[in-house]
Structure formats: C-alpha cells, structure tokens
Amino acid sequence: ETELATIKAYLKGSFTMALQTNAALSLTSALDEVYGLGYHYYQRYSKEIDQVSPEDFQLLARTYLDPQKSAIVVTRSGNGENR
C-alpha cells in the first residue's frame, strides 16, 4: 500500500509539473486526442491514477513481468582495468 501510494504521488506530481506551460498542455491534449483518450484526458488523469488498486498492480505484474523471460545485465567501469 505504501509503495503504491508513493508511485501514485510521483506519477500525479510529475504529470502536473509537466503541464506547466501552454505548449506542454497543447501537446499533451493533441496527443491524447490522437491516442483516443480525448483532448481533456489530462483533467481525469489524477482521478484514474487514484483508482488503481494493489490488485490491479499485481495483475499487471503477473501479465507483463515473466521471470522466465528476463535478462541479467552486468556492467563494469570502462576504464580498462580488469579486462
């Protein structure tokens, strides 16, 4: 619950901050219209984020995150040592 609440707050806050200019709002409204969400979707965004439940999140994770299809990536510094 706490982690989901943190994610919701981040999404809503960053979305609101991204719409601070008329240009950003215009672009977002135009793209939302193209995507079929409607030009006024930005007005519903926060409410829809609030409606996501922990069960919704779990279903999403089970649907799209398959441990059998994951990859492990190991990185190291590129300074030439230990090659």
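Atom set for the values below is all heavy atoms of this structure, side chains included, hydrogens, waters and symmetry mates excluded.
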Please determine whether residues [X] and [Y] belong to a single hydrophobic cluster, defined as Ile, Leu, Val, Met, Phe, Trp and Tyr linked transitively by side-chain heavy-atom distances below 4.5 Å.
X     : Y     : result
Tyr35 : Leu11 : yes
Leu60 : Ile49 : no
Leu37 : Leu31 : yes
Tyr10 : Tyr42 : yes
Val34 : Leu19 : yes

Take atom [atom1] in [X]; do more than 12 heavy atoms of anything else shown fall under 6.0 Å from it?
X     : atom1 : result
Asp66 : CG    : yes
Glu48 : CD    : yes
Gln20 : CD    : yes

Atom pair CG (Asp50) and NZ (Lys47), whose distance is rounded to the nearest 0.5 Å: 9.5 Å
Value rounded to 0.5 Å, distance of CG in Asn22 from CG in Leu27: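 One gets 12.5 Å once the value is rounded to the nearest 0.5 Å.
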Ser53 and Asp56: side chain donor to acceptor below 3.5 Å: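 Yes - a donor-acceptor pair under 3.5 Å links their side chains.
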Side-chain donor or acceptor of Lys8 paired with backbone N/O of Val52 under 3.5 Å: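 Answer holds: yes.
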N/O donor-acceptor pair under 3.5 Å between Thr28 side chain and Leu25 backbone: no
By ring pair (Phe, Tyr, Trp, His ring centres under 6.0 Å) - contacts of Tyr45 (at least two apart): Phe15
Exercise: identify the closest heavy-atom pair between Ala18 and Ala24: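 That would be O-CB, 3.1 Å.
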